[in-house]
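Inspection log for the structure reproduced underneath, given as structure tokens.
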Amino acid sequence: MLKALNLKNINKSYGLIKALDNIDLTVSDGEFFSLLGPSGSGKTTCLKVIAGFEAPDNGNVSIFEEDVTNIPPFKRHVNTVFQDYALFPHMNVRQNVGYSLKVQKMKGSPMDRKIDEILEIVNLTGYDLRKPSELSGGQRQRVALARSLINKPKILLLDEPLGALDLKLREKMQVELKNIQRQFKITFIYVTHDQQEALSMSDRIAVFNNGKIEQIDTPANIYSKPINSFVAEFIGTTSIFNKDSAMKIFGLDKAFSVRPENIIIMETKKDLAAIDKKQYFITNGTLADCQFQGSHLKMTYAIDNDCKLSVFKSLEGNINQKYDINIKHTIAWKKTDITTLNE
Ligand code: ADP
Ligand code: MG
């Protein structure tokens, strides 16, 4: 597989802050690759180093097997889409989208054809003459996208491009972005702090924390096999038992996590009798909180002294089901459904 991007041993400090701490990363041609992490974890700095807006203190950046560490941004065949669109306010949609072609001295019907083609792909046919101020947030982001795609970059970098949109529009744009990436077959490197967004769109994800990459893997593996407690807690809802509790309650000598959808509440003695006890971890919990979340209840149990356990209880067929706080339940999950963690 052709390597679209290779970062080797990248370090970048701002004064005493280590924004990037020994980053190694390889992205394949055509991948939708996300950099996911909390605010301040180094995602934007990483994009800037790839684009060439920031020089790393040491390490190497290669794009399609060419070392570009010392090559300026405009010669890297990489474009960036930002959250704030960065459109030219005085130019209309057509002029904004065609800008880079004009810089390349393209004009007349070849240029018009290219602009029409891309406007159709991003669903903006007919909006040619509007100014950015006459567009909605989602439309502006599509103009920004069209403008960055029109000169067919080898890699498109996107820094929280949907961050300014409301939830409904963001979800719609996620689907559109993914479709556009499929059509163009361009490698996308996508920065987000939203784990749901990263899980639903990416081929692979790098989880950033404090300038370091904690784990690089597919969404399914990041979710089901988090490598440590940071990743487990950052992605989705999970319950973590530290090493002491794991030993005390279950006789395990390692910390572990378990996902809420894997936990079963044993409401009756019959439920408990029905399972093969050798295959399950079984414990007792006191219900501390119960939230209605549409398709399920999110139930939080207190276990032992300081352990909390989240359970999603499906509401199929019984939307009005409720539980009293402080009720005690026996709770169980399959031994194979835990992920052991390096703390
Ligand atoms: P993210 O995009 O994940 O939120 P950034 O890459 O923007 O994180 O920032 C990583 C760290 O580097 C943060 O602690 C941030 O404050 C710091 N940082 C980023 N850019 C600069 C800069 N130009 N000068 C000083 N510190 C910076
Ligand atoms: Mg950022």
Side-chain angles (χ1 to χ4, degrees), residues 5-27 31-61 63 68-70 72-73 76 78-87 137 140-141 144-145 148 153 155-167 169-170 173-174 177 181 187-202 204-217 219 222 226-236:
L5 173 74
N6 186 239
L7 299 181
K8 212 167 166 204
N9 254 327
I10 298 282
N11 285 280
K12 176 77 191 173
S13 293
Y14 297 105
L16 293 175
I17 297 168
K18 247 184 168 232
L20 296 176
D21 189 355
N22 246 322
I23 297 294
D24 281 305
L25 186 66
T26 302
V27 178
E31 254 191 306
F32 195 117
F33 191 96
S34 292
L35 313 183
L36 170 68
S39 172
S41 58
K43 307 176 301 290
T44 295
T45 307
C46 190
L47 274 201
K48 285 181 177 166
V49 165
I50 298 168
F53 301 134
E54 289 280 9
D57 299 334
N58 59 283
N60 288 82
V61 182
I63 291 173
V68 297
T69 317
N70 298 310
R76 291 191 183 196
V78 162
N79 283 341
T80 310
V81 178
F82 300 98
Q83 177 178 333
D84 59 5
Y85 322 125
L87 300 175
R140 273 182 230 169
Q141 194 50 282
L145 197 63
S148 330
I155 302 178
L156 189 66
L157 307 175
L158 304 103
D159 195 353
E160 313 234 8
L162 310 182
L165 308 178
D166 64 55
L167 182 64
L169 187 55
R170 201 157 75 220
M173 287 291 293
Q174 287 171 6
L177 258 180
Q181 194 253 349
T187 308
F188 273 31
I189 299 182
Y190 191 93
V191 162
T192 180
H193 66 269
D194 180 337
Q195 42 103 10
Q196 205 51 54
E197 192 164 284
L199 288 177
S200 63
M201 297 175 86
S202 319
R204 285 190 306 149
I205 299 171
V207 181
F208 275 66
N209 178 26
N210 254 326
K212 288 196 176 74
I213 294 180
E214 301 277 2
Q215 186 170 5
I216 302 179
D217 217 323
I222 294 270
I227 196 164
N228 57 28
S229 45
F230 177 82
V231 177
E233 282 191 293
F234 193 69
I235 312 288

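Every value quoted in this text rests on a predicted model; they were computed, and no experiment measured them. Starting from 1, each residue takes its place in the sequence as its number. Whatever order the structure lists ligands and atoms in, that order sets their numbers, starting from 1.
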Quick one: look up the protein heavy atom nearest atom 9 (O) of ligand 1 and list residue, atom name and how far away it is.
-> T45 OG1, 3.8 Å

cation_pi(K212, F208) dist<6.0 Å, angle<=45 = no

When you measure from atom 11 (C) of ligand 1 to every protein heavy atom, which one gives the shortest distance, and what is it?
-> G40 O, 3.8 Å

Are any of the N or O atoms of E54 closer than 3.5 Å to those of ligand 1?
-> no

Counting only non-hydrogen atoms of the protein, does one fall under 4.0 Å from atom 1 (P) of ligand 1?
-> yes

Heavy atoms, side chains only, cut-off 4.5 Å: are V191 and L158 in contact?
-> no

Show which atoms of ligand 1 fall inside a sub-4.0 Å distance from at least one heavy-atom site of S41.
-> 1 (P), 3 (O), 8 (O)

Closest protein heavy atom (residue, atom, distance) for atom 8 (O) of ligand 1 | G42 N, 3.2 Å

For S39, the atoms of ligand 1 under 4.0 Å from one of its heavy atoms are 4 (O)

What about F33 and F188, are their ring centers closer than 6.0 Å?
-> no

Looking at side-chain heavy atoms only, is the closest gap between T69 and P56 below 4.5 Å?
-> yes

In terms of residue, atom name and distance, what is the protein heavy atom nearest to atom 14 (O) of ligand 1?
-> I17 CG2, 3.7 Å

Answer yes or no: is there a donor N or O on one side and an acceptor on the other, between the side chain of E31 and the main chain of T187, under 3.5 Å?
-> no

Evaluate side chain to side chain contact (heavy atoms under 4.5 Å, CB included) for S34 paired with M201, printing each intermediate quantity in order.
-> CA-CA 8 Å; S34 292; M201 297 175 86; 5.5 Å; no

Show your reasoning for whether side chain to side chain contact (heavy atoms under 4.5 Å, CB included) applies to K43 and E160.
-> CA-CA 10 Å; K43 307 176 301 290; E160 313 234 8; 3.7 Å; yes

With salt bridge (Lys or Arg N to Asp or Glu O under 4.0 Å) as the test, would you mind laying out the steps for D159 and K48 before giving the verdict?
-> CA-CA 10 Å; D159 195 353; K48 285 181 177 166; over 6 Å; no

Can you tell me which residue and heavy atom of the protein come closest to atom 12 (O) of ligand 1, and the distance to 0.1 Å?
-> A19 CB, 3.5 Å

Check whether any N, O or S atom of S39 sits under 2.8 Å from the Mg ion (ligand 2).
-> no

for atom 7 (O) of ligand 1, nearest protein heavy atom and its distance come out as T44 CB, 3.7 Å

Run the numbers on V81 and L157 for side chain to side chain contact (heavy atoms under 4.5 Å, CB included), then give the verdict.
-> CA-CA 6 Å; V81 178; L157 307 175; over 6 Å; no

Could you see which bit of P38 sits under 4.0 Å from ligand 1, with heavy atoms only: side chain, backbone, both or neither?
-> backbone

Protein heavy-atom partner closest to atom 23 (N) of ligand 1 - residue, atom, separation in Å = Y14 CE2, 3.6 Å

the protein heavy atom lying closest to atom 3 (O) of ligand 1 turns out to be K43 NZ, 2.8 Å

